[in-house]
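What follows is a single structure, written as structure tokens, with notes after it.
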Amino acid sequence: MLLQQEPQLRELRIFDLHLGPWLEELKTGPVQVTAIQGDVTQAHEVAAAVAGAHVVIHTAGLVDVFGKTSPETIHEVNVQGTRNVIEACVQTGTRFLVYTSSMEVVGPNIKGQPFYRGNENTPYEAVHRHPYPCSKALAEQLVLEANGRKVLGGLPLVTCALRPTGIYGEGHQIMRDFYHQGLRLGGRLFRAIPASVEHGRVYVGNVAWMHVLVARELEHRAALMGGQVYFCYDNSPYKSYEDFNMEFLGPCGLRLVGTRPLLPYWLLVFLAALNVLLQWLLRPLLLYAPLLNPYTLAMANTTFTVSTDKARRHFGYEPPFSWEESRTRTIRWVQAMEGSAQ
Ligand SMILES: NC(=O)c1ccc[n+]([C@@H]2O[C@H](COP(=O)([O-])OP(=O)(O)OC[C@H]3O[C@@H](n4cnc5c(N)ncnc54)[C@H](O)[C@@H]3O)[C@@H](O)[C@H]2O)c1
Ligand SMILES: CC(C)[C@@H](O)CC[C@@H](C)[C@H]1CC[C@H]2[C@@H]3[C@H](O)C=C4C[C@@H](O)CC[C@]4(C)[C@H]3CC[C@]12C
């Protein structure tokens with residue numbers, strides 16, 4: 001999107017632990033695309049990649065709420081990695097830093113308190129225990145506190161954090177997992193969460209556009225945007241997590257069984273705890289990381305939706321992809337997967 005939408009772009013550097021062949025397709029245009037294989041936990045690698053950059057969009061992270069990696073690794077990547085990016089900007093003189101934070105910096109909290117169509121100023125007790133939200137909250141705090149620090153050359157660093165809600169769209173691994181789970185269950189998924197529990201979702205293309213826009217506007221609106229947080233939002237409907245997923249999985253042949261949860265909540269809690277025990281017992285042999293665990297159950301079962309226009313007011317954000325377009329593009333992606341699954 002940067003290559004398509006940013007006329008000022010002269011070079012795009014992509015720094016990632018895992019570089020894919022898709023990057024080669026980006027190198028066909030007039031803008032220099034530099035792919036750098038590196039680890040954000042390695043300060044020297046980050047500094048070398050950042051040196052000379054006008055703006056850094058820091059979106060690297062470990063998104064793990066399934067127990068696939070250790071809390072230490074999550075912290076090392078999400079917190080120390082972010083610290084390394086900030087220090088690289090300071091040491092090399094890059095003045096603008098955009099950070100991909102998350103709704104989870106706010107909630108749902110460990111008390112299961114709903115956040116109903118809230119905004120960046122809505123009072124809410126952000127209390128976390130899980131390593132992932134803790135790491136995102138710490139990283140965001142580092143980024144916002146770094147706003148105003150002097151970088152090499154003596155000018156101030158300008159930082160901003162974007163908080164996507166549950167991202168969906170092409171490449172969404174969890175959607176892929178739900179789809180394959182439904183195929184294994186004969187084209188059916190079984191409702192576990194009440195339809196009344198709303199979960200905020202945002203299309204990946206709109207999240208990407210908000211990042212591009214902030215990277216462009218941060219310099220000109222530093223006084224307004226510096227040190228600020230913005231929820232990423234669009235016109236995706238408010239629905240339960242499962243009903244929302246069915247907007248894409250339904251047209252691809254899956255059916256959500258039950259108009260209300262098929263199992264009592266206490267049984268889901270027991271099964272989630274059993275999954276944790278199984279994960280621990282099986283760890284020496286294999287990685288068992290099912291979708292259902294105490295954290296994901298609590299997340300899915302707690303309303304968390306945002307309603308805000310702060311990004312529009314501060315830097316003119318309007319989602320370029322309508323709900324209909326976002327839905328169609330995601331369905332096409334699942335169908336392309338379906339083709340590969342058959
Ligand atoms: N997926 C969501 O619903 C969601 C919602 C809100 C915020 N976010 C945030 O968006 C960002 C991108 O997440 P995503 O959902 O696209 O996940 P993703 O796993 O697709 O992207 C994360 C990227 O970070 C890279 N990475 C991981 N460890 C690294 C390391 N040590 N060094 C360098 N690169 C590393 C991965 O290779 C990957 O390309 C993350 O910061 C995440 O916290 C995601
Ligand atoms: C097995 C059922 C209970 C099923 O309904 C579980 C769904 C569960 C896997 C997801 C419910 C809410 C999701 C999270 C939410 O969309 C926001 C997130 C923040 C983002 O930074 C990373 C992803 C995630 C934690 C996302 C992960 C999957 C859910 C927990």
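Numbering of ligands and ligand atoms starts at 1, following listing order. On a predicted model such as this, the values are computed, not experimentally measured, just so you know.
No more than 12 heavy-atom neighbours from other residues, nucleotides or ligands sit within 6.0 angstrom of CZ on Phe270.
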Quick check for students: name every N or O atom pair between ligand 1 and the protein closer than 3.5 Å, with distances.
from     : atom 1 : to     : atom 2 : distance (Å)
ligand 1 : 3 (O)  : Ile167 : N      : 2.9
ligand 1 : 24 (O) : Gly61  : N      : 3.3
ligand 1 : 31 (N) : Asp39  : OD1    : 2.9
ligand 1 : 32 (N) : Val40  : N      : 2.8
ligand 1 : 34 (N) : Leu17  : N      : 3.3
ligand 1 : 37 (O) : Asp16  : OD1    : 2.6
ligand 1 : 39 (O) : Asp16  : OD2    : 2.6
ligand 1 : 41 (O) : Thr59  : O      : 3.1
ligand 1 : 41 (O) : Lys136 : NZ     : 2.9
ligand 1 : 43 (O) : Tyr132 : OH     : 2.6
ligand 1 : 43 (O) : Lys136 : NZ     : 2.9

Show which side-chain atoms of residues 19-27 pair as donor or acceptor with protein atoms under 3.5 Å away, not counting sequence neighbours.
none

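Arg312 forms no cation-pi arrangement with Tyr317, by the criterion of a distance under 6.0 Å to the ring centre and an angle within 45° of the ring axis.
In this structure, the protein non-hydrogen atom closest to atom 15 (C) of ligand 2 is Met299 CE, 3.5 Å. Protein heavy atom at the shortest distance from atom 23 (C) of ligand 2 is Val63 CG1, 4.0 Å. The protein heavy atom nearest to atom 24 (C) of ligand 2 is Glu104 OE1, 3.9 Å. Protein heavy atom at the shortest distance from atom 8 (C) of ligand 2 is Thr296 CB, 4.0 Å.
Classification of the Tyr241-Phe178 ring pair by plane angle, with boundaries at 30° and 60°, yields tilted. Between Phe231 and Phe115, the ring-plane angle classifies as tilted under the 30° and 60° cut-offs.
In the vicinity of Ser102, heavy-atom distances shorter than 4.0 Å reach the ligand 2 atoms 19 (C), 20 (C), 21 (O). Using a 4.0 Å cut-off to heavy atoms of Gly166, the atoms of ligand 2 that qualify are 16 (O).
In this structure, Tyr179 has its ring center no closer than 6.0 Å to that of Phe248. Residues His199 and Phe304 keep their aromatic ring centres 6.0 Å or farther apart. Ring centroid separation for the pair Trp323 and Phe244 comes in under the 6.0 Å cut-off.
Using 4.0 Å as the threshold, Tyr132 has a heavy atom nearer than that to some atom of ligand 2.
Legend: side-chain hydrogen bond (donor to acceptor under 3.5 Å, both in side chains) pairs involving residues 182-192, not counting sequence neighbours, sorted by first then second residue: Arg191-Asp243.
With Asp64, Thr165, Ile174, Asn293 as candidates, the residue nearest to atom 27 (C) of ligand 2 on a non-hydrogen basis is Ile174.
Contacts of Glu242 with ligand 2, taken as heavy-atom pairs under 4.0 Å, involve the side chain alone.
With a 4.5 Å cut-off between side-chain heavy atoms of Ile, Leu, Val, Met, Phe, Trp and Tyr, the cluster of Tyr99 takes in Phe15, Ile36, Val40, Val46, Val50, Val56, Leu62, Ile74, Val77, Val79, Val85, Ile86, Val90, Leu97, Leu138, Leu142, Val143, Val151, Leu157.
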